[in-house]
Protein chains: 2
Amino acid sequence: MKKGTTKERIVEEASRLFAKKGYEAVNVEAIAQAVGIKAPSLYKHYRNKQELFDAVVAEMNSRYEETMSAFQMDGYEGEADAPLFAEKTEEQLVVIGIQFFMFFLHDDYASNFRKLLTIEQFQIPRLAALFTQQYTDKPLAYQEKLFTLLIEADVLRECDPKIMTLHFYSPIQLLLTLCDRQPEREPEALRTLEQHIRQFYTLYQKGTDTHE
Amino acid sequence: MKKGTTKERIVEEASRLFAKKGYEAVNVEAIAQAVGIKAPSLYKHYRNKQELFDAVVAEMNSRYEETMSAFQMDGYEGEADAPLFAEKTEEQLVVIGIQFFMFFLHDDYASNFRKLLTIEQFQIPRLAALFTQQYTDKPLAYQEKLFTLLIEADVLRECDPKIMTLHFYSPIQLLLTLCDRQPEREPEALRTLEQHIRQFYTLYQKGTDTHE
DNA sequence: GTCTATAAGAAGATAGAC
DNA sequence: GTCTATCTTCTTATAGAC
């Protein structure tokens with residue numbers, strides 16, 4: 001017996017399996033076996049496979065939101081951090097970018113949630129919306145606030161902060177999904193990530209400006 | 001009866017279904033029904049479901065490569081186009097970016113191939129590698145050649161062309177996958193796409209340069 | 001709450017007539 | 001090459017003992 005109640009362990013193992021193989025390819029017996037019980041016992045905790053799947057999505061989303069809160073990426077206003085960035089902005093961006101990248105790549109729940117949404121996004125419209133919200137809209141909204149502050153603080157050049165944010169975030173997302181697919185390319189992705197952030201900063205830093 | 005041999009029609013309908021629902025969720029009867037035959041008849045054309053799936057992937061990849069050839073994005077060297085870009089580079093980039101985007105978003109085979117690889121990438125290592133090759137490595141390699149020429153032609157600033165290419169391409173990929181998930185956001189994505197390319201050009205254009 | 005036994009149905013695949 | 005009939009296996013889910 002491992003830690004947690006059986007019901008918790010079921011969600012945990014189901015999360016791993018659904019994220020790896022998708023809803024259809026996972027059978028209830030495999031989940032039960034991973035937990036160490038027989039399939040019929042599982043029906044004492046969840047009425048059916050679909051309800052278990054819904055519980056998995058709810059649990060993953062809940063954990064993901066907690067994580068985002070820890071990263072201050074949910075409703076974060078960001079005013080407090082701006083002064084920190086006035087100096088050494090480039091190094092700060094590199095550190096933040098790599099930390100963000102490494103955490104989301106290697107955290108089990110974040111990784112499984114991302115894979116599950118990737119696999120099932122075209123099946124269930126609700127998951128498509130959830131995917132966009134959690135992996136596009138929210139991160140972009142958070143970063144945009146930060147960059148807007150850095151523009152106001154004259155650290156970054158004046159331009160559309162929404163696009164600036166897209167330029168910062170989308171390469172990170174591309175590299176993250178690359179590593180999800182092919183973990184063996186992580187070292188290369190990390191090097192590219194750092195180069196990306198440094199070149200991003202060079203392009204967007206204030207002072208050595210263009211007009212336009 | 002629609003056009004094409006039965007065998008061709010089977011791959012065609014199977015492509016649509018596999019791309020929409022994934023391998024496991026599609027049953028052979030559904031494919032047969034879409035073609036207008038009974039399931040057992042299908043086994044006269046393909047030995048089993050897996051062989052049909054392999055044929056679908058092969059066919060999609062083949063068509064995709066033809067498409068890329070048409071876009072001169074496979075082994076394209078690009079020397080011929082560089083002069084065109086010396087003038088009106090920004091507008092050219094916008095037109096090319098939007099054309100590329102619209103084609104790959106709406107072309108049935110390109111769209112289905114992308115969705116299929118997205119759904120099945122974690123199941124079959126070969127598909128993961130194929131996904132990266134077709135939707136990351138190849139487009140980046142193609143664009144990098146073009147941008148390298150534009151740097152040499154003093155149209156774009158001197159910097160790492162690999163990262164410059166990543167900055168151009170990754171927002172396009174993000175917006176493309178966004179529209180795959182939520183087609184209703186296409187108008188917004190198109191506006192963002194154009195803004196992205198214009199801001200990309202502003203950042204990278206030569207002349208109004210920084211030192212670094 | 002867990003088990004064994006089992007129902008009920010779905011899905012892949014084959015046999016053989018036409 | 002397409003059909004109907006059928007086989008076999010897998011899978012979800014339930015019944016009921018412990």
Side-chain angles (χ1 to χ4, degrees), chain A residues 1-60 112 115-116 119-120 122-124 126-127, chain B residues 1-60 112 115-116 119-120 122-124 126-127:
Chain A
M1 289 291 185
K2 296 180 183 175
K3 60 184 175 181
T5 67
T6 302
K7 187 161 186 173
E8 286 166 351
R9 299 220 44 240
I10 291 170
V11 189
E12 195 181 316
E13 296 298 336
S15 296
R16 289 206 2 266
L17 288 166
F18 282 138
K20 194 175 178 184
K21 296 162 152 297
Y23 181 80
E24 290 285 345
V26 174
N27 59 51
V28 178
E29 179 58 43
I31 299 168
Q33 198 177 354
V35 176
I37 58 176
K38 296 290 182 183
S41 307
L42 196 144
Y43 287 85
K44 295 290 178 181
H45 301 279
Y46 296 94
R47 302 162 78 94
N48 53 48
K49 187 184 177 185
Q50 185 62 52
E51 191 180 281
L52 171 55
F53 180 80
D54 293 343
V56 163
V57 172
E59 172 68 13
M60 283 179 151
N112 282 340
K115 287 183 185 174
L116 183 62
I119 293 175
E120 299 294 341
F122 303 127
Q123 294 300 311
I124 306 158
R126 209 186 102 250
L127 296 189
Chain B
M1 289 290 185
K2 295 180 185 176
K3 60 185 174 183
T5 67
T6 302
K7 189 163 186 171
E8 287 166 350
R9 298 220 45 239
I10 291 170
V11 191
E12 196 180 316
E13 296 298 336
S15 296
R16 290 209 359 267
L17 288 166
F18 282 137
K20 194 176 178 184
K21 296 162 150 303
Y23 181 80
E24 290 286 345
V26 173
N27 58 56
V28 179
E29 179 58 43
I31 299 168
Q33 198 176 355
V35 176
I37 58 176
K38 296 291 181 182
S41 307
L42 195 147
Y43 287 85
K44 295 288 178 183
H45 301 279
Y46 297 93
R47 301 162 78 93
N48 52 47
K49 188 184 176 184
Q50 185 63 52
E51 190 178 283
L52 170 56
F53 181 80
D54 293 343
V56 163
V57 172
E59 173 67 14
M60 284 178 152
N112 282 340
K115 288 182 183 176
L116 183 62
I119 293 176
E120 300 294 340
F122 304 127
Q123 296 299 311
I124 305 157
R126 208 186 103 250
L127 296 189

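Predicted, not measured: the structure shown is a model, and the values here were computed from it. Below, read A as the first sequence line, B as the second, and so on, with proteins coming before strands; counting in each chain starts at 1.
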Item to complete: Calculate the interatomic distance between A:Leu52 atom CG and D:dT11 atom P; express it in whole Å.
Response: 16 Å
Item to complete: Using atom types as modelled and distance alone, determine if a side-chain donor or acceptor of B:Gln123 lies under 3.5 Å from a backbone N or O of A:Lys21.
Response: yes
Worksheet item: What integer distance in Å separates B:Gln33:CD from D:dT2:C1'?
Response: 16 Å
Discussion item. Below the 4.0 Å mark, does C:dC3 have OP1 or OP2 next to a side-chain nitrogen or oxygen of A:Ser41?
Written reply: yes
Could you pull out every donor-acceptor pair under 3.5 Å between side chains of residues 48-56 of chain A and any protein atom, sequence neighbours left out?
{"unit_1": "A:Asn48", "atom_1": "OD1", "unit_2": "A:Gln50", "atom_2": "N", "d": "3.2"}
{"unit_1": "A:Asn48", "atom_1": "OD1", "unit_2": "A:Glu51", "atom_2": "N", "d": "2.8"}
{"unit_1": "A:Lys49", "atom_1": "NZ", "unit_2": "A:Tyr23", "atom_2": "O", "d": "2.9"}
{"unit_1": "A:Lys49", "atom_1": "NZ", "unit_2": "A:Val26", "atom_2": "O", "d": "2.7"}
{"unit_1": "A:Gln50", "atom_1": "OE1", "unit_2": "A:Tyr23", "atom_2": "OH", "d": "3.3"}
{"unit_1": "A:Gln50", "atom_1": "NE2", "unit_2": "A:Asp54", "atom_2": "OD1", "d": "3.2"}
{"unit_1": "A:Glu51", "atom_1": "OE2", "unit_2": "A:Arg47", "atom_2": "N", "d": "3.3"}

Worksheet, complete the sentence: Under a 4.0 Å heavy-atom criterion, the protein footprint on nucleotides 11-18 of chain C, written with B, S and -, is SSBBB---
Worksheet item: Hey, is the side chain of B:Thr6 poking within less than 4.0 Å of OP1 or OP2 on D:dG1, counting only N and O atoms?
Response: no
Worksheet entry | salt bridge (Lys or Arg N to Asp or Glu O under 4.0 Å) against A:Glu59, all qualifying residues, sequence neighbours excluded | A:Arg63
Worksheet item: B:Arg9 has an atom CZ; how far is it from atom P of D:dT2, in whole Å?
Response: 11 Å
Worksheet entry | Nucleotide D:dT14, atom P - distance to CD of A:Glu51 in whole Å | 11 Å
N/O donor to acceptor pairs below 3.5 angstrom from side-chain atoms of residues 28-35 of chain A, sequence neighbours left out:
none

Worksheet, complete the sentence: A:Tyr46 OH to C:dG1 P, in whole Å, measures 11 Å
Fill in: Length of the CZ-P vector between A:Phe53 and D:dT12, whole Å
14 Å
Worksheet item: For A:Glu12, which residues count as a side chain to side chain donor-acceptor pair (under 3.5 Å) partner, sequence neighbours excluded?
Response: none
Item to complete: Grab the NE2-P distance between A:His45 and D:dT14 for me, whole Å please.
Response: 15 Å
Discussion item. Run the side chain to side chain donor-acceptor pair (under 3.5 Å) test against A:Tyr46 and tell me which residues pass, sequence neighbours left out.
Written reply: none
